[in-house]
Asks: 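I'd like to ask some things about the structure below.
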Protein chains: 2
Amino acid sequence: MDKHSPIQITLEQRDDAVTITQWVYSTLRQAVMLGQLPPGRAVTIREMAALLDVSPMPVREALRQLAAEGALEIQGNRRVMVPRMTAMKFSELVEARIALESHAAGQALPYIDAQRLAQMRTLDEQIDAAEATGDAETVMRVNQDFHRLIYTANPHQVTMPLIESLWLQLAPFMRVAAAYLDEYYQIDRHHEAMDAITRQDPVALKLAVAADIRDGCAFASSPETLQQLLSA
Amino acid sequence: MDKHSPIQITLEQRDDAVTITQWVYSTLRQAVMLGQLPPGRAVTIREMAALLDVSPMPVREALRQLAAEGALEIQGNRRVMVPRMTAMKFSELVEARIALESHAAGQALPYIDAQRLAQMRTLDEQIDAAEATGDAETVMRVNQDFHRLIYTANPHQVTMPLIESLWLQLAPFMRVAAAYLDEYYQIDRHHEAMDAITRQDPVALKLAVAADIRDGCAFASSPETLQQLLSA
DNA sequence: TGGTCATTAATGTGATCACAATTCAAAGGC
DNA sequence: GCCTTTGAATTGTGATCACATTAATGACCA
C-alpha cells in the first residue's frame with residue numbers, strides 16, 4: 001500500500017455541517033502545512049481515500065483544489081505530488097511573500113482598530129510562550145494567525161488567498177528546516193509592527209512585516225546552509 | 001434551461017491529447033476572461049455539462065479549480081457564480097496587480113535576453129495594430145501576453161499563477177468597462193518598459209509596468225465613473 | 001392583490017463502475 | 001550481471017446513479 005514512504009497525517013475533527021470534500025481538503029491542507037507529506041512523494045487518490053476512509057470522489061476534488069493553490073503539483077503523468085523545493089524557488093517565494101504581505105499590511109493599516117490590535121497582542125504573547133517551551137509548530141501556526149489578523153483587517157482585501165498560496169508552497173520545506181535550527185535569536189518584529197500600527201505609520205509597518213518575514217527565513221542567508229537543508 | 005440569462009460561450013478546439021477536464025477548464029476560463037459569463041449569474045454543473053456536451057464530472061472539477069483561482073465564487077448555498085465587482089474590490093485588485101507585477105518584473109529583468117525583447121517588440125506592434133482597428137479584445141489579450149513574456153523570463157518565477165488569478169478576477173469587469181470607453185489616449189508604457197530593459201534599469205521597469213497597469217484601469221480614476229460602470 | 005405554505009423540480013454531493021494509460025516487477029535475452 | 005521486454009497491478013479519468021438539500025412554482029388564504 002505504501003508506495004514509497006509510510007505517511008501519517010493527523011485527522012481533523014469531522015463536522016457534519018461541512019461536506020466531505022471540504023473536510024478532506026482541510027485535512028490534506030493541514031498535512032501539507034505540517035510537512036506530513038514529504039516533497040516528491042506521490043499522492044494517489046485511492047491511497048488517500050483509504051487513509052481517510054472516504055470514497056475517491058472527495059479526494060479527487062480536494063487534490064485538484066490544492067493543486068490550483070500550489071500546495072500540490074500535477075505532473076505531466078497526471079500524478080500528484082508535493083512540489084520539490086529548490087534554492088532559487090525558495091528565494092523567489094520569500095521575496096514574493098515580502099512584496100505581497102508588506103503591500104497587504106499597508107492596505108490594511110487604516111482598518112486596524114484597537115480591538116484587533118488587542119487580539120494581535122494576545123497572539124504575540126502566545127508566540128512568546130510557545131517559543132519558551134520550544135514548540136516550533138505552535139510558533140509557526142500562531143505566527144501565521146498574527147499575520148492573517150493584520151491583512152484581513154481590510155474588509156476589501158483580495159490578497160489573502162494569494163498569500164495563503166505562498167504559505168502553502170513554503171510550509172513543507174519550512175517544516176524540515178525548522179527541525180534543523182529551531183534556536184536562533186530573533187528581534188521582536190511583532191512589537192515593531194504593533195508600534196507602527198499605534199502610530200499609524202504605514203512605512204514602518206511594511207518594513208516591520210518585511211523584516212519579520214526575512215527573519216523567519218533567516219537560515220536562507222547563507223546559500224550553502226540552504227543547499228544543505230534542501231538535500232536533507 | 002436558461003436560468004436567468006442565456007449564455008453563449010466560444011468553444012475551444014478539442015484536442016484528444018488533453019483530458020476533457022482540462023478542455024472544460026480552459027473553455028470556461030476563457031469564457032470568464034471574455035466576460036461571457038455575467039457576474040452574479042449562477043453557473044450550474046449540469047447546465048455547463050449540457051452546453052459543452054460532456055458529463056457533469058469534468059465540469060465539477062473544472063469549476064472547483066476555477067473557484068480556487070478566484071475566477072468563480074462558491075457561495076454558502078454551494079452555488080457557483082462569477083463574483084460581483086465592487087468599487088473597493090476593483091481598487092484593491094488593481095493595487096495588488098501593481099504590487100505583484102512590478103515586483104515580478106524586477107525579479108525577471110536579469111533574465112530578459114535579446115530574443116525575448118524582440119518577441120516583446122513583436123507583441124507591441126500587434127497591440128498597436130489592434131488598437132488601430134479598434135479590436136479591444138485583441139488588445140487586452142496580447143497585452144496580457146506582453147506582460148506574461150516579461151514575468152516568465154525568470155525561470156524560477158513563482159508569481160505568475162498569482163498574477164493570473166488577479167487577471168481572472170478583473171477580467172469580467174474590464175470586459176464590461178472596455179465596451180463603454182475603448183477610446184482613451186494612452187502613453188506608450190510598453191516602450192518605456194522596453195527601454196528600461198535595454199538599460200537594465202529595474203526601477204524604471206517597475207515604474208513602467210506600474211504605470212501601464214494604472215493606465216489600463218484609468219477609468220477608475222473618477223469614483224463616480226467607476227460606480228456608474230458597476231451598476232451597468 | 002399580496003403574502004405564506006406545500007409541492008415539485010433542480011442542484012450539489014458522494015459512491016460505484018468501466019476503461020485506457022501508466023507504472024511496476026518479474027522474466028527473458030544480450 | 002545489466003538491459004530490454006512483457007505481463008499484471010495500479011492509477012487517473014469519465015460516466016452514471018442515488019440521495020439530501022435547496023430553489024422555484026403554484027395553490028391557498030387573508
Asks: Atom CD1 of B:Ile45 and atom P of D:dC19: how far apart are they, to the nearest Å?
Replies: 19 Å

Asks: Less than 4.5 Å apart, side chain to side chain, heavy atoms only: is that true for B:Glu164 and B:Met160?
Replies: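 The answer is yes, as the side chains (C-beta and beyond) meet within the 4.5 Å cut-off.
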
Asks: Taking only side-chain N and O atoms of B:Thr44, does any of them lie within less than 4.0 angstrom of OP1 or OP2 on C:dA10?
Replies: no

Asks: Measuring to OP1 and OP2 of C:dG12, would you say a side-chain N or O of A:Thr19 lies under 4.0 angstrom away?
Replies: no

Asks: Just how far, in rounded Å, is C1' of D:dT11 from CG of A:Leu51?
Replies: 17 Å

Asks: Tell me the interatomic distance from A:Trp23, atom CH2, to C:dG14, atom P, rounded to whole angstroms.
Replies: 11 Å

Asks: Could you grab the distance from atom CD1 of A:Ile127 to atom NE2 of A:His190, nearest 0.5 Å is fine?
Replies: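 Between A:Ile127 CD1 and A:His190 NE2, I get 4.5 Å after rounding to 0.5 Å.
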
Asks: Check the distance between C:dG12's P and B:Met48's CE and give it to me in whole angstrom.
Replies: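 Taking atom P of C:dG12 as the reference, CE of B:Met48 is at 11 Å.
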
Asks: Roughly, in whole Å, what's the span from CZ in A:Arg79 to C1' in D:dA9?
Replies: 12 Å

Asks: Looking at every heavy atom in both B:Gln157 and B:Pro161, which two are closest together, and how far apart are they?
Replies: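 In terms of heavy atoms, the two residues are closest at NE2-CD, 3.8 Å.
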
Asks: What nucleotide among D:dG14, C:dG14, C:dG12 has an atom nearest to a side-chain atom of B:Arg78?
Replies: C:dG12

Asks: How about B:Asp113: does its CG atom have over 12 heavy atoms from other parts shown lying under 6.0 Å from it?
Replies: yes

Asks: Mind listing the residues from residues 53-64 of chain B sitting with a heavy atom below 4.0 Å of DNA chain C? Number order is fine.
Replies: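 Correct list: B:Met57, B:Arg60.
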
Asks: Any idea which heavy atoms bring A:Pro58 and A:Ser55 closest together, and the distance?
Replies: CD-O, 3.0 Å

Asks: Could you tell me the separation between the CE atom of A:Met81 and the P atom of C:dT23, rounded to a whole number of Å?
Replies: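 For the pair A:Met81 CE and C:dT23 P, the rounded distance is 13 Å.
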
Asks: C:dG12 base to B:Arg46 side chain: any donor-acceptor pair below 3.5 Å?
Replies: yes

Asks: I'd like to check B:Arg116 versus B:Thr152 (side-chain heavy atoms, cut-off strictly below 4.5 Å). Are they in contact?
Replies: yes

Asks: Whether the A:Gln126 and A:Thr138 side chains hold a donor-acceptor pair (N or O, under 3.5 Å, no angle test) is what I'd like checked.
Replies: no

Asks: B:Gln22 has an atom CD; how far is it from atom C1' of C:dA21, in whole Å?
Replies: 14 Å

Asks: Whole Å only: how far is the CD atom of B:Gln75 from the P atom of C:dT11?
Replies: 14 Å

Asks: Would you indicate, yes or no, if D:dG12 has its OP1 or OP2 atom less than 4.0 angstrom from a side-chain nitrogen or oxygen of A:Asn77?
Replies: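 Indeed not, no polar side-chain atom of A:Asn77 lies that close.
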
